[in-house]
Amino acid sequence: MDASGHIELDDAVRMVLDALSTLPGETFELDSALGRVLAQDIVAERPLPPFDGSAMDGFAVRAADVAGARDAEPVVLRLVGESRAGRPAQETLGDGQAIAISTGAIIPAGADAVVRVERTRRDDGRVQVLEEVAPGEQVRRAGEDMQAGTTVLQRGATLGPAQLGVLASLGHAHVRCASAPRVSLLVTGDELLAAGERARPGAIRDSNSHSVAALARCAGAEVLASEVVGDDERATRAAIAAAAHDADMVVICGGMSVGAHDHVRASLRALGATQAFWGLALRPGHPTWFGTLNGRPVFGLPGNPVSAMVTFVLLAGPALRAMQGAPQGRARSTARLDGGYDKPAGRAHALRCRLSERDDGRHAAPTGPQGSHVLSSMLAADALALIPSQTTRVAPAEHVEIEPLAPWMGGWA
Ligand code: AMP
Ligand code: MG
């Protein structure tokens with residue numbers, strides 16, 4: 001906690017994570033498990049590939065039979081059968097014999113190598129082999145990809161396209177993953193216009209309902225409801241109580257500050273919520289509140305569109321991932337901050353930046369005006385540069401800590 005009673009971001013994250021518990025798992029059909037967090041270890045029960053197979057179209061042979069074969073002196077073998085993908089040959093290969101084989105087909109018993117079709121000539125029941133092959137050539141061994149008994153995916157892994165492919169290749173039609181945390185979103189403000197609602201003087205469009213709900217979905221949540229409530233304490237209290245009803249997490253945007261029309265904290269207090277912190281030593285994000293209501297995590301995020309997104313990424317996103325059992329500490333890295341940065345001591349700053357690779361390493365360039373209402377600054381950003389609270393000056397091209405945004409935005413940053 002700093003002198004003004006604001007809590008440092010890292011301490012805030014720790015307090016949030018301490019207040020959470022992991023949700024139980026449920027079984028998902030493979031294709032609906034994209035982006036979910038595994039709630040079981042996956043062990044290969046059988047080797048993959050499951051059998052020795054051919055890497056090429058050609059002829060299965062005994063390497064010893066074709067020793068010394070060359071264009072000028074082909075070795076002639078008798079063709080005795082065919083092994084196709086999914087249709088193994090019935091024959092066993094004997095001395096001086098070949099079996100035609102397709103990529104992915106089982107190596108017939110008796111054969112130990114494959115000659116590529118390009119290095120053969122076929123005529124009437126026979127095949128001329130134009131090059132010698134070593135034993136094992138063009139043969140994919142059983143278990144080369146995954147051996148039986150290997151743990152190929154661990155509980156806590158996030159399932160992307162490659163993971164779904166591996167699960168399918170191991171024969172999993174279903175997989176046990178963490179349930180999607182159910183999030184209720186509440187945005188506050190008399191000035192807010194829903195999409196399609198007629199404009200009126202002083203009103204603005206509600207963007208948080210959409211950007212924050214999308215962030216929640218990108219973090220694996222199911223958004224139960226997204227409600228708008230005016231700046232009225234009674235209505236706010238009723239809306240929070242309703243939002244908390246079936247949710248695993250409540251996220252409220254706006255009305256968190258000290259203005260005469262900010263009613264969220266008083267409403268939370270009246271409902272018996274327990275405050276963990278209010279006031280973050282971070283810009284944007286200063287009036288952020290976190291606590292629990294009936295044991296469920298509640299975030300009170302600032303209403304400014306950039307502040308809401310930034311605080312969600314830094315606090316609520318990690319919370320949702322933790323509730324699904326994903327390990328913490330996703331890839332923070334560093335980059336050189338273009339132009340440097342001066343600021344007063346006291347609060348950390350989160351700058352929207354665009355990353356680029358240059359000869360002297362990775363650079364982060366701020367995306368323009370950094371006001372917490374400048375939502376367009378999020379468009380070009382693919383990272384947040386985190387300038388610590390006590391830092392007053394970052395020299396041009398000095399290294400700063402970077403939180404990549406793509407993982408929080410479904411890869412869309
Ligand atoms: P507040 O945190 O309620 O004081 O709001 C801070 C600023 O964010 C004000 O300019 C609000 O109009 C704006 N704001 C609050 N909620 C939203 C929202 N859902 N969408 C867009 N802007 C908002
Ligand atoms: Mg407001």
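Remember, it's 1-based here, ligands and their atoms both numbered in the order they're listed. Residues: numbered from 1 along the sequence shown. Scope of the values below: all heavy atoms of this structure, side chains included, with no hydrogens, waters or symmetry mates.
- Here Asp190 does not pair with Arg200 in a salt bridge; the nearest charged N to carboxylate O distance is not below 4.0 Å.
- Remark: ligand 1 atoms within the under-4.0 Å shell around heavy atoms of Asp206 are 18 (C), 19 (N), 20 (N).
- Atom 7 (C) of ligand 1 has its closest protein heavy atom at Asn304 OD1, 3.4 Å.
- In this structure, Met256 has no heavy atom closer than 4.0 Å to ligand 1.
- When only non-hydrogen protein atoms are considered, atom 12 (O) of ligand 1 lies nearest to Glu191 OE2, 2.5 Å.
- Regarding atom 22 (N) of ligand 1, its nearest protein heavy-atom neighbour is Ile204 CD1, 3.4 Å.
- Residue contacts with ligand 1 include Pro305, since one of its heavy atoms falls under 4.0 Å from the ligand.
- For ligand 1 and Gly255, the ligand atoms under 4.0 Å from any heavy atom of the residue are 1 (P), 2 (O), 3 (O).
- Residue Ser209 has no N or O atom closer than 3.5 Å to an N or O atom of ligand 1.
- Contact between Gly189 and ligand 1 is absent, with no heavy atom of the residue lying under 4.0 Å from the ligand.
- Taking each of Val212, Leu185, Asn208, Leu375 in turn, the one with a heavy atom nearest to atom 17 (C) of ligand 1 proves to be Asn208.
- The structure places CG of Leu282 at 8.0 Å from NE2 of His349, a figure rounded to the nearest 0.5 Å.
- The proximity of Ser207 to ligand 1, defined as any non-hydrogen pair under 4.0 Å, involves the side chain as well as the backbone.
- Nearest-heavy-atom check against atom 13 (C) of ligand 1 across Ser372, Gly303, Ser257 picks out Gly303.
- More than 12 heavy-atom neighbours from other residues, nucleotides or ligands sit within 6.0 angstrom of CD on Glu197.
- For Arg87 and Ser102, the side-chain atoms include no donor-acceptor pair closer than 3.5 Å.
- For atom 4 (O) of ligand 1, the closest non-hydrogen atom of the protein is Asp262 OD1, 4.1 Å.
- Annotation: the span from Gln147 atom CD to Arg141 atom CZ amounts to 13.0 Å, rounded to 0.5 Å.
- Residues passing the ring pair (Phe, Tyr, Trp, His ring centres under 6.0 Å) test with Phe299 are Phe290, sequence neighbours excluded.
- Residue Arg205 has at least one heavy-atom neighbour below 4.0 Å for each of these atoms of ligand 1: 20 (N), 21 (C).
- One distance of note links CZ of Arg36 with CG of Leu159; it measures 9.5 Å at 0.5 Å rounding.
- We find that Asp145 and Arg140 are not joined by a salt bridge, their nearest charged nitrogen and carboxylate oxygen being 4.0 Å or further apart.
- Distance CD/Glu137 to OG/Ser54: 11.0 Å, rounded to 0.5 Å.
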